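Below, chain A is the first sequence line, B the second, and so on; all start at residue 1. Bear in mind the structure is a predicted one, so any value in this text is a computation, not a measurement.
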Number of protein chains: 2
Amino acid sequence: MATAVELLDAEGIGGLSMRRLADRLGSGAMSLYWHVDNKEKVFDLALDSVLEYREPPQTGEPRNWRGEVVHMLEDWRASMLRHPWSASLLPRRALGPNILGRLELLSKILSRAGVADADLNVAIWSLWNYVMGATVTRASFELSDDDRAVAQQRLTRLSESYPTIERSRLLLDSDWDGAFSRGLDFMLDGFAARQ
Amino acid sequence: MATAVELLDAEGIGGLSMRRLADRLGSGAMSLYWHVDNKEKVFDLALDSVLEYREPPQTGEPRNWRGEVVHMLEDWRASMLRHPWSASLLPRRALGPNILGRLELLSKILSRAGVADADLNVAIWSLWNYVMGATVTRASFELSDDDRAVAQQRLTRLSESYPTIERSRLLLDSDWDGAFSRGLDFMLDGFAARQ
DNA sequence: ACCTGAACACCGTTCAAGT
DNA sequence: ACCTGAACACCGTTCAAGT
């Protein structure tokens, strides 16, 4: 599986073919199919393998729940951005053990923090949605400089049609990390209000 | 383009090949390439073509900004779910005119509602992230009943490892629409707090 | 200006056959 | 139990050639 991740890192999602993976593995032609059902399974395994989370060591001091949530979610996003193919793999993938582990942890933190049981699932899915959307978006904007230039050019050409987003420089603002954590703060404010 | 959307609706993302599309179009073999650069462009066009938004007719009464935002975003999500392939197409796609139009509208509503300029882009991207994450997730869980059964089975088998999400039935809760709008409310609460 | 078909360089997957 | 290579049924894209 490590080899599949290497290949995806190096060549992107289109670069992984069963034939090339077999090659890279040194093993001859099609022996892969003895170990794995099909290409989908390879993607499932690669995705989950990249999402392992190790909680930071507990110091004696009481941790605050917001900090814990933020830490885990920022790590989640960072893990996926380290392997940009993982974002485009996300749709239609199974939930592997590492993903389930993160959801479990998130549940525990939030319910310990006093989020009502009735709101818990909504809160978790909201955070999930936020992280997944942010990651998918971020990865898809991380294109070549050429592409960025083209997008910028097109937008200024169309500035009469989209005056507001042109003025606020919505598409040019490149502080992705800052936007991510500030938006997360907004969301957590929303949860905290219902506690 | 309508034909491409039909084909995607009928057969999913894997069902669209340049050859089959040409066939369906009645046109012979490879004449597509005179009209379009490559397959990527076909996907770009298909995605945007499905995201047109018509604002609801303005009654004389003053509309509330939360209602407008919720309406547009729920329509956005619904449009994508009507064409499930659009969710998996989202990563790495260009922003077409319909998408830009929605972002422009959102900007206008929020800034009219009094969201500070400094918070505007963060708010918009947060909502974007939320909608995209929710849609991608929803579409990917809408698998065959077989798949759902397998997932459920696996989770109960692993209930010792994931007690909290097992207890809250996180993965079985099927009120997606309700979760979407309740989570959206949380977010808007967060924005309103900063006004 | 628009369409065509053959051709090239790939794919995923199966399967009989090997050790 | 594990690997192999040939074979099948596809792909996206190019390009010389047609109207």
Taking only Watson-Crick and G-U wobble pairs with both distances under 3.5 Å, what dot-bracket line describes DNA chain C, where [ ] shows pairs that cross earlier ones and | shows pairs with another strand? ||.|||||...|||||.||

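- Side-chain N or O atoms of Asn38(B) include one that pairs as donor or acceptor with a backbone N or O of Lys41(B) at under 3.5 Å.
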Could you walk me through whether Arg182(A) and Asp119(B) pass salt bridge (charged side-chain N to carboxylate O under 4.0 Å, His left out), step by step? CA-CA 9 Å; Arg182(A) 288 174 62 208; Asp119(B) 292 333; 3.1 Å; yes

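- Nucleotide dG12(C) holds its C1' atom 13 Å from the CG atom of Leu21(A), rounded to whole Å.
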One character per nucleotide, please: for nucleotides 3-9 of chain C, 5' to 3', B when the base has a protein heavy atom closer than 4.0 Å, S when only the sugar-phosphate does, - otherwise. SBBBB--

Evaluate the criterion side chain to side chain contact (heavy atoms under 4.5 Å, CB included) for residue pair Trp85(A) and Phe43(A); output intermediate values, then yes/no. CA-CA 10 Å; Trp85(A) 46 268; Phe43(A) 283 145; over 6 Å; no

Apply the test side chain to side chain contact (heavy atoms under 4.5 Å, CB included) to residues Leu8(B) and His83(B): give CA-CA distance (whole Å), side-chain angles for both, the deciding distance (0.1 Å), then the verdict. CA-CA 8 Å; Leu8(B) 285 163; His83(B) 308 278; over 6 Å; no

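- On the C1' atoms, dC15(D) is 13 Å away from dC3(C), given to the nearest whole Å.
- Of the residues near DNA chain C, Asp37(A) and Arg20(A), the one whose nearest nucleotide (by heavy atom distance) lies more toward the 5' end is Arg20(A).
- Taking 4.5 Å as the limit, some side-chain heavy atom of Leu32(A) sits within range of a side-chain heavy atom of Leu25(A).
- A donor-acceptor pair is defined here as one N or O able to donate and one able to accept, closer than 3.5 Å; such a pair exists between the side chain of Ser86(A) and the backbone of Met80(A).
- Protein atom OH of Tyr33(B) is 23 Å distant from nucleotide atom P of dG18(D), rounded to whole Å.
- Residues from residues 7-18 of chain A with heavy atoms under 4.0 angstrom of DNA chain C, sorted by number: Leu16(A), Ser17(A), Met18(A).
- Listed for the Arg66(B) side chain is no donor-acceptor partner under 3.5 Å among the backbone atoms of Ala192(B).
- Although no hydrogens or angles enter the test, the distance criterion places no donor-acceptor pair under 3.5 Å between the side chain of Glu52(A) and the main chain of Asn98(A).
- Aromatic ring pairs are classed by plane angle as parallel below 30°, tilted from 30° to 60° and perpendicular above 60°; the pair His71(A) and Tyr53(A) is tilted.
- One interatomic measurement links the two molecules: NZ of Lys39(A) to C1' of dC11(C), which rounds to 8 Å at whole-angstrom precision.
- Using C1' as the reference atom, dA16(D) and dC2(C) are 15 Å apart when rounded to the nearest Å.
- Arg138(B) forms no cation-pi arrangement with Phe180(B), by the criterion of a distance under 6.0 Å to the ring centre and an angle within 45° of the ring axis.
- With hydrogens and angles ignored, the 3.5 Å screen pairs a side-chain donor or acceptor of Asn129(B) with a backbone N or O of Trp125(B).
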